[in-house]
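Convention: sequence-line order gives letters A, B, ...; per-chain numbering from 1. This structure is a prediction, so every number in the text was calculated from the model and none was measured.
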2 protein chains.
Amino acid sequence: MNESAGSGQDAQAVSRFVESFAAQLVEAGMTRMPARVFAALLSSDEGSMTSAELGEQLRISPAAVSGAVRYLAQTHMVSREREPGSRRERYRVHGDQWYEALANRENVLKRWESALREGVTSLGPDTPAGRRLGETLAFFEFFEGELAALMERWRAHRDKTFGSG
Amino acid sequence: MNESAGSGQDAQAVSRFVESFAAQLVEAGMTRMPARVFAALLSSDEGSMTSAELGEQLRISPAAVSGAVRYLAQTHMVSREREPGSRRERYRVHGDQWYEALANRENVLKRWESALREGVTSLGPDTPAGRRLGETLAFFEFFEGELAALMERWRAHRDKTFGSG
DNA sequence: CGCTTCTTTCAGAATTTTGTGAAGTTAAGG
DNA sequence: CCTTAACTTCACAAAATTCTGAAAGAAGCG
């Protein structure tokens, strides 16, 4: 019942946050298990948990943890760590890296752009539809370029606000 | 076989684009029917189509069109128009409005922020987890603010590139 | 090397989501 | 008003997803 221990905050409070934040991620399109695992990691004091810890807190099978973690690792939202001399793995959110992955929809944008480019070509750049597609394409290209600059500004803003540690 | 008529480009080329662009939207999290309807509208010369036209091109039922359009209208990606003196409705992409809706994830951001704020409070702003959540929250707040400015710059860029018409 | 511990893969049951047909609702035109 | 054209809603069948238990696969340790 003591909530001051490093990893021992009121488990219920943690769980409430995990589930409510995960629900938002789900609503935004993420699948449920990855969302819950991610939220759990995010609200852990260490910023990392083992497979067993995740399974216990979220009441899900090792298989579910495995699947969720695979997805999160592929999308660069968590990384896997090996504690040397143990076959236990830790899954970690890089405090300052994960939201870059989120903002980093670059792959998505790139594919959209590619599809649009083909569309412009095949419908004809001088048809009304082709022009609309072209303008849309230009928007995404613009957006993609701005994103990098925006992330730079964020880092500066963050260092100023939170200190560089 | 004449492709210069206003709405008469090679139907197959249009269909190819529609399906491939829609597939990208689906991969990014949009549901299939809205994605297809949206792509179809985007690649129409008028920038608008009737329910019947959509049903025919996409080979889907009126019910499916209705559902897709309802979703798209709710998310401000298309608007509905009544041609006066007819019970036919037209669904339209606003050439310069639709991607604002796309970039306009503000509602999503707002909900995330709200969940994070609660998390910071209930885990304690001075715990490691609370600090991580707080920093995440700050990022979203920052991002939200930047988005508006970014869209401004886009409009300027667009007007310069495409002329203001 | 074999044991043990952890992780991954796989087949399948349960749930959820999707799209349709058909009935219902609204509104224009006679 | 009645008819008719268009859109919407609803219940359900089909299909896709999701999560699990069980078995198989790695990797440290004796």
Give every pair of a protein N or O atom and an N or O atom of nucleotides 22-30 of chain C that lie under 3.5 Å apart, one pair per line with the distance.
unit_1: C:dG29; atom_1: OP1; unit_2: B:Gly85; atom_2: O; d: 2.9

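- Between A:Val65 and B:Ser51, it is B:Ser51 whose nearest contact on DNA chain D lies nearer the 5' terminus.
- For the pair B:Arg90 and D:dA6, the criterion of a side-chain N or O lying under 4.0 Å from OP1 or OP2 is not met.
- For the pair B:Glu83 CD and D:dA6 P, the interatomic distance rounds to 10 Å; values are reported in whole Å.
- Atom P of nucleotide D:dA6 and atom CG of B:Leu54 are separated by 14 Å, given to the nearest angstrom.
- Residue contacts shown for A:Thr31 are limited to sugar-phosphate atoms, with no base heavy atom under 4.0 Å away.
- At C:dT15, none of the side-chain N or O atoms of A:Arg32 fall inside 4.0 Å of OP1 or OP2 (strictly under the cut-off).
- Distances shown here put a side-chain N or O of B:Arg70 below 4.0 Å from the OP1 or OP2 atom of D:dT9.
- Rounded to whole angstrom, the span from the CG atom of B:Leu58 across to the P atom of C:dT18 amounts to 17 Å.
- In this structure, A:Arg132 contributes its side chain and B:Ser44 its backbone to a donor-acceptor pair below 3.5 Å.
- The CE atom of A:Met30 sits 18 Å away from the P atom of D:dT17 (whole-angstrom rounding).
- The distance between atom CZ of B:Arg88 and atom C1' of D:dT8, rounded to the nearest whole Å, is 17 Å.
- Using a 4.5 Å heavy-atom threshold, the side chains of A:Phe17 and B:Leu116 count as touching.
- Checked against the 6.0 Å centroid threshold, A:Trp154 and B:Phe139 count as a close aromatic pair.
- Residue A:Arg59 is classed as a sugar-phosphate contact, given heavy-atom separations below 4.0 Å to backbone atoms only.
- The CD atom of B:Glu27 sits 16 Å away from the C1' atom of D:dA16 (whole-angstrom rounding).
- As rounded to whole Å, 12 Å separates atom C1' of C:dC6 from atom CZ of A:Arg80.
- The interatomic distance linking A:Ile60 (CD1) with C:dA14 (P) rounds to 21 Å, in whole Å.
- The residue B:Arg36 sits apart from the nucleic acid: no heavy atom pair falls under 4.0 Å.
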Query raised in the report: Would A:Leu58 and A:Glu19 satisfy side chain to side chain contact (heavy atoms under 4.5 Å, CB included), going step by step from the backbone distance to the final call?
Result: CA-CA 9 Å; A:Leu58 302 174; A:Glu19 297 307 329; 4.1 Å; yes
Query raised in the report: What do the steps show when you test A:Arg80 against A:Val69 for side chain to side chain contact (heavy atoms under 4.5 Å, CB included), and what is the final call?
Result: CA-CA 9 Å; A:Arg80 316 162 92 105; A:Val69 157; 3.8 Å; yes
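- Looking at B:Ser43, its side chain does come within 3.5 Å of a backbone N or O of B:Ala39 through a donor-acceptor pair.
- The only option from A:His94, A:Glu89, A:Arg90 that meets the side chain to side chain donor-acceptor pair (under 3.5 Å) definition with A:Ser48 turns out to be A:Arg90.
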